[in-house]
Enquirer: 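I am attaching a structure below and will ask some questions about it afterwards.
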Amino acid sequence: MKKYGVCAAVLLGAAAVSCWGAGISLAGQAVIPQGLSVGDRSLEGLTLDEALETVSAYVDELLARPVILEAGEVSASATAGELGVVWSNEAEVTQEVSRYENSNLLERYMMTEDLAQEPVSIPVVTEVSPGSVEQFIAAELKDVGQPAQDAVIRRENGEFIITPEVTGYEVDVEATSQALREALGQGLEQEIRVTAEAKETVPKVTAAQLETIQDVLGTFSTDFSSSGAARSTNLTVGAGKINGHVLMPGETLSGYECLQPFTTANGYKAAASYENGRVVDSIGGGVCQISTTLYNASLLAELEITQRQNHSMTVGYVKPSQDAAIAGTYKDLKVTNPYDTPIYVEGYTKGRTLTFTIYGQETRPENRTIRFQSETLQTISPGAPKEVTNASLAPGARVQIQSAHTGLKSRLWKIVSVDGVEQERTIVSSDTYNASPAIVQVGPPVAVPPAAGQVVPGAEGQPDVPGTEGLEGGLGEGQSAGQAVPGAESQPAGQTVPSAEGQSAGQMAPGAEGQPAGQAVPGAEGQPAGQAAPGAESQASGQTAGQPAESTAPEAAGQGGGQEMSQPVPGAAAQSAGQSSGQPAPQAAGQPTPETAVPETVPVPPMS
């Protein structure tokens with residue numbers, strides 16, 4: 001027993017001597033012996049606190065080192081810490097360094113001997129936070145590369161000209177991020193320099209796709225020969241904003257988005273348009289003729305009609321149910337390309353004709369034809385003229401400031417034929433157009449009592465004949481601008497009006513003895529067109545109070561610019577020769593009027 005005790009004492013003594021030689025005091029704080037380091041930093045001779053401070057400073061130095069990312073002539077740099085690199089094995093390093101401090105005398109001796117024989121270097125392990133590298137690449141190299149350029153097509157002198165596409169390139173964020181992470185994972189002791197990866201970007205539209213645009217899928221024209229200068233300008237400007245649009249398969253064109261904003265800065269002028277059942281001047285008035293013409297061309301091309309609404313009142317440049325209104329986003333025309341190949345939209349004005357043509361690749365059978373037929377189901381009387389007192393007019397004067405509009409209920413048929421034999425008939429739309437009475441400004445009543453037996457304009461029993469329907473806010477057909485309306489509107493010039501019920505046309509009114517038969521009595525409804533009513537001498541010839549600065553197109557209803565879209569429907573109400581589509585037949589005095597539509601009261605943006 002004494003022998004073993006002596007040996008143990010000798011070993012402890014040797015350990016004490018060894019530890020004292022390594023800088024470790026049995027009573028004081030231990031210092032780390034030679035052979036222990038973190039990364040390339042030796043911890044020899046440091047206390048535990050000093051060693052941990054040294055390691056922390058070393059890691060901070062590593063995280064502050066620059067990382068350089070190159071992409072051609074462009075380079076970007078950031079510190080490892082800015083890239084989201086963090087020290088991930090801090091707990092392991094702290095534990096390993098603390099082992100010496102927390103050991104007994106014998107364990108310290110044994111560790112000192114082991115470190116002397118085989119030094120230990122503890123690595124600093126880092127990791128990159130998710131998404132940080134990708135954000136750095138996207139932000140720093142966002143302008144690197146060349147965007148792809150789509151092929152472009154335009155039509156000049158009746159031919160298509162195609163500019164080929166250009167392939168682009170951009171930084172491949174995913175591949176570059178992977179390369180940067182791998183470089184950071186190899187350690188921060190050496191300089192980190194990474195070259196960004198690039199990838200090609202493919203154009204969305206190629207010349208090969210545009211080369212399929214060769215055939216006319218549908219074309220339609222409308223006439224605006226009666227439009228004023230401002231409205232004509234709007235049609236030319238608006239058609240140019242849609243002209244040249246290419247719709248790839250599934251893409252949609254919005255008439256409103258192409259045409260807006262409706263400002264003078266965008267080229268538009270003030271012209272007449274519809275608003276809440278009235279004709280008013282608005283910037284861009286008349287653009288609804290653009291959407292209407294495009295709508296009919298799209299029908300013939302059999303595009304998908306995504307959105308379309310009719311006007312609140314009838315228009316004169318197409319038949320009922322063939323129109324398409326634009327009023328902000330509330331009423332818009334949207335057409336979608338249903339084909340597997342692109343289509344090209346051409347729009348222009350020539351002379352006084354507006355034309356839209358849809359080009360593409362024809363895939364429909366040659367022996368299959370389509371046509372569209374407008375059917376009027378019901379006409380709605382505008383009712384008696386609405387009189388508005390205007391004290392500035394001469395006593396007894398009457399000036400019509402807005403024509404009457406007959407209301408309609410109509411529908412549009414699509415008829416498909418194969419080898420000339422009808423195969424299918426479907427309803428495209430069913431529409432209602434509001435009736436709107438004529439508006440007449442009336443001067444103060446005439447103070448002079450009438451002569452015995454003379455018929456006074458507007459006397460009781462005198463029938464009120466509604467004015468001829470205006471077309472899209474224009475004057476009644478045949479009515480001169482600024483015509484003073486004597487008692488009733490749309491009476492043929494020079495025709496006498498019976499002064500009492502049952503009196504034949506052309507018969508002298510009582511009290512007009514000696515007046516030739518057929519001569520109009522002053523103040524009667526048969527006063528020649530354009531002649532001012534009694535007391536209206538001050539009204540300037542050709543000037544109409546309240547008339548819009550530019551008349552909307554007063555073409556006869558149903559005129560499609562010379563292009564026939566439909567034929568009469570079997571069973572439809574017969575119309576007199578030369579009568580506009582949807583216009584009611586002349587009505588005898590005293591005959592009951594048809595149903596009158598209730599005008600819209602909800603305010604809506606102007607439409608033309």
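Remember, it's a predicted structure, so these values are computed and weren't measured experimentally.
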Enquirer: Run the side chain to side chain contact (heavy atoms under 4.5 Å, CB included) test against V442 and tell me which residues pass, sequence neighbours left out.
Expert: E387, R398, V440

Enquirer: Do the side chain of N243 and the main chain of Y348 share a donor and acceptor less than 3.5 angstrom apart?
Expert: no

Enquirer: Taking atom OG of S429 and atom CH2 of W413, what is their separation to the nearest 0.5 Å?
Expert: 11.5 Å

Enquirer: My understanding is that only residues two or more places apart in sequence, or in another chain, count here; which of them pass side chain to side chain donor-acceptor pair (under 3.5 Å) with T163?
Expert: none

Enquirer: By the definition side chain to side chain contact (heavy atoms under 4.5 Å, CB included), identify the one residue from V335, T336, L247 that meets it with T252.
Expert: T336

Enquirer: Determine yes or no for a side-chain-to-main-chain donor-acceptor pair under 3.5 angstrom, with E362 supplying the side chain and R364 the backbone.
Expert: yes

Enquirer: Can you sort out the partners of S321 under side chain to side chain donor-acceptor pair (under 3.5 Å), two or more places apart, ordered by chain and number?
Expert: S410, D431

Enquirer: So which heavy atom on P320 is nearest to which on S374, and how close?
Expert: O-OG, 2.7 Å

Enquirer: With side-chain contact (heavy atoms from CB on, under 4.5 Å) as the criterion, how do V280 and S273 come out once you've worked through the C-alpha distance, each side chain's angles and the decisive distance to 0.1 Å?
Expert: CA-CA 5 Å; V280 298; S273 60; 4.1 Å; yes

Enquirer: Between G285 and N234, what is the shortest heavy-atom contact and its length?
Expert: O-ND2, 2.9 Å

Enquirer: Would you say CD of E156 has more than 12 non-hydrogen atoms from neighbouring residues, nucleotides or ligands within 6.0 angstrom?
Expert: yes

Enquirer: Say whether T222 and T293, considering side chains only, have a donor N or O and an acceptor N or O under 3.5 Å apart.
Expert: yes

Enquirer: Between V416 and R368, does a side-chain contact (heavy atoms from CB on, under 4.5 Å) hold up when you go through it step by step?
Expert: CA-CA 7 Å; V416 180; R368 176 182 178 273; 3.7 Å; yes

Enquirer: Is a side-chain N or O of Q373 found less than 3.5 angstrom from the main chain of R411, in a donor-acceptor match?
Expert: no

Enquirer: Could you tell me whether a side-chain N or O of D215 sits under 3.5 Å from a main-chain N or O of L217, the two making a donor and an acceptor?
Expert: no

Enquirer: Checking side-chain contact (heavy atoms from CB on, under 4.5 Å) for the pair T363/T341: CA distance, chi angles, key distance, verdict?
Expert: CA-CA 10 Å; T363 57; T341 52; 5.9 Å; no

Enquirer: With rounding to the nearest 0.5 Å, note down the distance linking OH in Y339 to OG1 in T212.
Expert: 12.5 Å

Enquirer: Is any side-chain heavy atom of L333 less than 4.5 Å from a side-chain heavy atom of S254?
Expert: no

Enquirer: State the CD1-CG distance between I242 and L294, to the nearest 0.5 angstrom.
Expert: 5.5 Å

Enquirer: When you compare the side chains of N296 and Q322, does any donor N or O come within less than 3.5 Å of an acceptor on the partner?
Expert: yes

Enquirer: What is the distance from atom CD of Q441 to atom OG1 of T389, rounded to the nearest 0.5 Å?
Expert: 9.5 Å

Enquirer: Provide the closest heavy-atom pair for I427 versus S430 in the form atom of the first, atom of the second, distance.
Expert: CG2-OG, 3.9 Å

Enquirer: Quick one: does Q400's side chain get under 4.5 Å of P385's, heavy atoms only?
Expert: no

Enquirer: Is the closest side-chain heavy-atom distance between E424 and T426 below 4.5 Å?
Expert: yes

Enquirer: Less than 4.5 Å apart, side chain to side chain, heavy atoms only: is that true for Y359 and V216?
Expert: yes

Enquirer: Sequence neighbours left out, what passes side chain to side chain contact (heavy atoms under 4.5 Å, CB included) with D323? Give chain and number order.
Expert: T292, R308, N310, H311, V315, V318, Y433

Enquirer: Kindly state each residue pair satisfying salt bridge (Lys or Arg N to Asp or Glu O under 4.0 Å) with at least one member in residues 342-354, sequence neighbours excluded.
Expert: R155-E346

Enquirer: Can you name the nearest heavy-atom pair linking N390 to P444, along with the distance?
Expert: O-CD, 4.0 Å

Enquirer: List the steps and the verdict of side-chain hydrogen bond (donor to acceptor under 3.5 Å, both in side chains) for T349 and T236.
Expert: CA-CA 6 Å; T349 60; T236 300; 3.0 Å; yes

Enquirer: Just to verify, what does D150 make a side chain to side chain contact (heavy atoms under 4.5 Å, CB included) with, not counting sequence neighbours?
Expert: P203, K204, V205

Enquirer: Can you name the closest pair of heavy atoms from A239 and I290 and give their distance?
Expert: N-CD1, 3.6 Å

Enquirer: Tell me the closest heavy-atom pair linking A297 and F356, and the distance in Å.
Expert: CB-O, 3.5 Å

Enquirer: Looking at CD1 of I161 and CZ of R154, how far apart are the two atoms once the value is rounded to the nearest 0.5 Å?
Expert: 4.5 Å

Enquirer: Do the side chains of N337 and E251 get nearer than 4.5 Å, heavy atoms only?
Expert: no

Enquirer: Do you see a donor-acceptor pair shorter than 3.5 Å between the side chains of T406 and T379?
Expert: no

Enquirer: Between atom OH of Y268 and atom OG1 of T233, what is the distance when rounded to the nearest 0.5 Å?
Expert: 11.5 Å

Enquirer: Check whether any side-chain heavy atom of T219 sits under 4.5 Å from a side-chain heavy atom of L300, and report yes or no.
Expert: no

Enquirer: Would you indicate whether the side-chain heavy atoms of M248 and P342 approach each other to under 4.5 Å?
Expert: yes

Enquirer: Between D281 (side chain only) and A270 (backbone N and O only), is there a donor and an acceptor less than 3.5 Å apart?
Expert: no

Enquirer: Test K331 against S291 for side-chain contact (heavy atoms from CB on, under 4.5 Å), laying out the working first.
Expert: CA-CA 11 Å; K331 290 188 176 183; S291 57; over 6 Å; no

Enquirer: Check whether any side-chain heavy atom of Y330 sits under 4.5 Å from a side-chain heavy atom of Y256, and report yes or no.
Expert: no

